[in-house]
Amino acid sequence: MHISEGVLSPAVLGGGAALAVVGCAIGLKKLDYEAIPRVAILSAAFFVASLIHVPVGPVGAHLVLNGLMGLLLGWMAFPAILIALFLQALLFQFGGLTVLGVNTVTMAAPAVICFYAYRGLLRRQGMPAAMAAFACGVTGILLSGLLVATALITTGQAFLQVAELVLLAHIPVMIIEGIITLFIFRFLKKVRPEMLEGIYA
Amino acid sequence: MNEPLIELHNIAFAYPGAPQPVFQDFNFQLLPGKHLGLIGPNGCGKTTLLHLIMGLLRPQAGSIVIFGQEVKKEKDFVDVRQKVGLLFQNADDQLFCPTVLEDIAFGPLNQGKPPAEAIQIARETMERLGLHGFEDRVTYKLSGGEKKLVSLATVLAMQPQLLLLDEPTAGLDEKTKDRLIHILKSLDIAFMIVSHEQDFLNHTVKECCHVHGHCCQPITT
Amino acid sequence: MNEPLIELHNIAFAYPGAPQPVFQDFNFQLLPGKHLGLIGPNGCGKTTLLHLIMGLLRPQAGSIVIFGQEVKKEKDFVDVRQKVGLLFQNADDQLFCPTVLEDIAFGPLNQGKPPAEAIQIARETMERLGLHGFEDRVTYKLSGGEKKLVSLATVLAMQPQLLLLDEPTAGLDEKTKDRLIHILKSLDIAFMIVSHEQDFLNHTVKECCHVHGHCCQPITT
Amino acid sequence: MHRLDPRGKIVVAGLFAVLMAVSKSYVAPLAGLALALICLALARLPLKKVIARLLAVNSFIFFLWFVLPLTYPGDVVWHFGPLSATRQGLVFTGLITLKSNAIIIALIALVATVPIVTLGQAMHDLRLPDKLCHLLLFTYRYLYVFEQEYHRLVQAMKIRGFQPRTDLHTYRSYAYLAAMLLVRSYDRADRVFQAMLCRGFHGVFYSLRTFSWQRRDGIFVMMAMVALAELLYLEWRMPNLL
Ligand SMILES: Nc1ncnc2c1ncn2[C@@H]1O[C@H](COP(=O)(O)OP(=O)(O)OP(=O)(O)O)[C@@H](O)[C@H]1O
Ligand SMILES: Nc1ncnc2c1ncn2[C@@H]1O[C@H](COP(=O)(O)OP(=O)(O)OP(=O)(O)O)[C@@H](O)[C@H]1O
Ligand SMILES: [Mg+2]
Ligand SMILES: [Mg+2]
């Protein structure tokens with residue numbers, strides 16, 4: 001969920017920006033020049049994922065895939081997601097410039113957490129790895145929803161109900177992301193295990 | 001029953017933003033049981049024509065009648081796609097499941113068949129095309145020729161009544177081409193082949209048409 | 001000066017994770033001024049050979065000598081790429097700038113030419129290939145044949161001393177093929193062509209080689 | 001407008017966005033909105049597209065209109081069954097809407113008109129990290145690659161009778177679509193990068209368009225600074241509404 005411009009308080013915007021800068025600095029440090037094209041393609045993937053609509057009963061949701069980004073990129077998810085959000089802000093005006101920091105943190109921090117939390121399990125074979133991939137998708141969205149809610153509530157108590165609704169809206173997406181992350185993980189493991197090297201490093 | 005399988009009447013089509021239309025007042029007809037070759041220079045609209053028939057592109061004017069039914073909306077085309085199989089110009093675009101078996105079973109599953117039956121159909125189709133032992137191969141890692149054959153299998157598994165092939169031989173070596181000719185000759189459904197290779201067409205179809213912006217002109221040989 | 005342009009000695013190469021190597025003790029030589037055709041079935045390693053020469057892939061063993069210099073590291077290959085032009089098998093991979101002019105000027109700009117001169121070179125190259133009026137066309141909206149010609153222009157704009165062409169005719173119509181033959185005949189540099197079309201090779205090269213895992217065997221015609 | 005140096009435009013847009021985002025009164029955002037609209041008029045963009053854009057972007061704002069006025073504590077001004085809207089809630093939501101749209105319109109007028117390649121260069125000149133600028137440029141290049149491959153695969157699913165439903169087959173198919181897209185684009189990215197290497201790419205993006213700082217850029221930035229100072233003054237003078 002992107003937060004639009006003009007909603008959050010200056011303190012929250014500033015805090016988000018500062019955290020995003022730190023995250024990106026770490027991510028960029030880990031990024032080699034030769035790896036830039038590959039990270040860029042995942043960044044483009046994150047951009048396009050939000051255009052894929054999947055049906056959830058009568059309504060639709062769009063994919064986020066930040067758990068998957070974390071699993072593939074680790075800390076590099078920060079710059080990758082920042083760039084994707086920046087381009088979305090420029091090309092579609094989704095999100096925005098002043099909220100770029102906050103939006104990056106709400107998406108990328110869960111990605112990094114997922115990476116470290118599930119790396120060990122993902123390395124294993126069979127059931128544990130599959131469960132970890134599912135959990136990765138779920139956790140990515142869950143944490144993201146919680147962070148969005150936190151950003152809103154810290155801005156003002158008035159946003160309490162809004163934050164609740166936002167969290168509620170994240171629940172079906174969570175399950176779908178889990179299933180989809182699971183299948184993507186299995187696909188990659190079979191077809192292109194080289195792409196999953198990050199979790200073995 | 002000599003009703004045409006496909007009829008296009010006065011079709012107009014232009015890609016959005018393109019300076020000039022690909023088709024203008026275009027007419028076309030395919031009769032049952034025919035094996036037709038489509039030829040024409042690069043960019044004359046052969047691929048576009050096949051995509052119009054499948055409903056992947058929509059004409060700006062004119063009408064399309066397939067199996068005697070006029071098709072207009074996405075819903076109409078859903079039925080068409082059950083009965084007409086299209087082999088893309090680029091086999092890479094056609095395969096997206098991890099393994100060959102899953103990819104071939106995808107179509108039957110969409111047709112509402114139960115998984116066991118879908119797998120059964122997939123296996124039979126593979127047997128028919130000499131793809132025995134490919135079940136668990138990763139589609140992405142097949143060679144160019146193998147990809148083409150598997151793509152053909154994914155289409156045939158849906159038991160189409162009409163087959164559209166878009167440059168099936170581009171980039172294939174002689175041996176694979178011969179195998180393809182052999183397979184096409186053994187099919188008993190109507191098909192249309194787009195190709196730049198006269199030699200290949202001579203072996204597979206009896207008639208050729210030249211695609212223009214206005215019509216599809218039969219070539220008398 | 002009859003020193004070979006390219007020499008490969010005892011090259012071994014396998015794709016990471018592949019069950020068997022593509023090349024093992026492979027030897028190859030290209031003499032100056034030669035026009036050579038490379039043939040072989042799908043997956044025999046023709047594209048791999050060209051990528052090894054350009055340094056896009058690195059052999060696991062053996063040595064590569066280009067223009068009399070042994071090339072080993074990325075730095076050595078940077079020079080090679082200024083003098084050798086490669087036309088990719090898939091034109092979609094080759095074009096990455098939004099417009100045709102920008103794409104053709106990309107090489108000269110990288111060679112350190114100022115923008116005005118780069119544009120000048122790009123325009124001249126386009127003129128030479130009959131691509132007049134394509135300057136502002138969007139590269140990914142061209143038809144297959146047009147993409148191939150523009151790709152060739154991007155390579156020629158760098159004024160290479162040796163040209164490697166990977167299946168330049170796949171998917172091209174007769175007229176464009178003739179145009180390509182004409183263009184290739186008018187070039188006065190050495191080139192190597194990978195192709196499955198014997199007919200096209202007959203028109204453009206005097207010698208053909210069959211690519212094996214071990215060597216590149218001349219074919220006597 | 002389009003001939004201005006992108007560096008000036010980026011800095012101005014950035015400062016404007018920050019100023020709008022932190023303002024608490026109605027006056028500065030209103031004046032800002034007016035300024036943004038003037039810029040938009042000067043940029044001469046197709047109006048229909050801009051409006052469509054704005055509608056799409058305001059979805060979060062619409063959502064706020066349904067919730068915030070009803071839940072914000074304050075004086076009730078309107079009843080509807082069990083629901084009641086407060087004056088403060090309406091005022092607050094209105095302010096957010098205003099600020100948000102002022103920023104978006106300025107962004108459309110100033111930054112969205114800059115080609116991304118130029119933008120990457122401008123960012124580089126503004127001392128942003130090298131790797132980040134590269135990442136931006138590559139990502140932008142690959143967006144087309146990705147989108148093309150996406151459309152092709154969607155067509156491949158369509159012609160085999162795929163229809164999205166709420167079931168496992170659908171989710172699995174979408175996952176395969178996304179994964180195949182990733183793998184193919186990943187390899188294609190490699191090949192595109194190889195093609196760039198073959199043409200002498202060595203880490204520097206050149207542009208056929210060169211930009212240099214000219215007098216009109218100086219004038220534009222001066223005027224923008226004066227306008228921003230005015231906005232700041234307005235913001236400081238006006239009392240907090242809430
Ligand atoms: N996505 C697109 N957007 C705009 N124009 C397009 C697009 N795809 C194709 N065209 C244009 O439409 C025309 C017809 O293209 P089409 O792909 O149908 O040709 P074709 O006959 O299949 O050629 P080929 O033999 O090269 O495959 C061409 O001039 C091409 O440039
Ligand atoms: N990226 C890759 N990873 C693993 N294996 C590969 C890769 N690319 C090619 N191969 C394998 O290496 C072998 C040689 O491939 P190559 O592309 O050089 O063949 P080719 O002679 O160019 O074939 P074609 O005529 O189909 O273009 C093939 O068996 C192919 O499956
Ligand atoms: Mg075509
Ligand atoms: Mg090849």
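In the text below, chain A, chain B and the rest are named by the order of the sequence lines, each starting its count at 1.
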Over 60° means perpendicular and under 30° means parallel, so classify the ring planes of B:Phe106 and D:His169, tilted if in between.
tilted
Between B:Phe77 and D:Lys158, does a side-chain contact (heavy atoms from CB on, under 4.5 Å) hold up when you go through it step by step?
CA-CA 10 Å; B:Phe77 280 109; D:Lys158 262 194 191 172; over 6 Å; no
Taking the side chain from D:Arg160 and the backbone from B:Gln111, do they hold a donor-acceptor pair closer than 3.5 Å?
no
Has the side chain of B:Asp93 got a donor or acceptor atom that lies under 3.5 Å from a matching backbone atom of D:Leu153?
no
Check the pair D:Phe162, B:Arg81 against side-chain contact (heavy atoms from CB on, under 4.5 Å), reporting the backbone distance first and the verdict last.
CA-CA 9 Å; D:Phe162 176 73; B:Arg81 291 178 197 139; over 6 Å; no
Would you say the side chain of [Y] lies within less than 4.5 Å of the side chain of [X], judging by non-hydrogen atoms?
X	Y	value
D:Gln163	B:Val78	yes
D:Gln155	B:Phe88	yes
D:Ile159	B:Gln94	yes

So which of B:Met158, B:Met54, B:Gln82, B:His51 has the biggest tally of heavy-atom pairs under 4.5 Å with chain D?
B:Met158
Under a 4.5 Å heavy-atom cut-off, does chain D meet the side chain of [X], its backbone, both or neither?
X	answer
B:Gln89	neither
B:Thr139	side chain
B:Phe96	both

Taking 4.0 angstrom as the limit, do B:Asp92 and D:Arg152 come out as a salt bridge?
no
Is the count of non-hydrogen atoms from other residues, nucleotides or ligands lying under 6.0 Å from [X] atom [atom1] greater than 12?
X	atom1	answer
B:Tyr15	OH	yes
D:Met225	CE	yes
B:Glu124	CD	yes
B:Lys72	NZ	no

Checking heavy atoms, do the side chain of D:Val154, its backbone, both or neither come under 4.5 Å from chain B?
neither
Highest number of heavy-atom pairs under 4.5 Å with chain B among D:Met157, D:Arg172, D:Glu149 belongs to D:Met157
Looking at CG of B:Asn110 and OG of D:Ser173, how far apart are the two atoms once the value is rounded to the nearest 0.5 Å?
6.5 Å
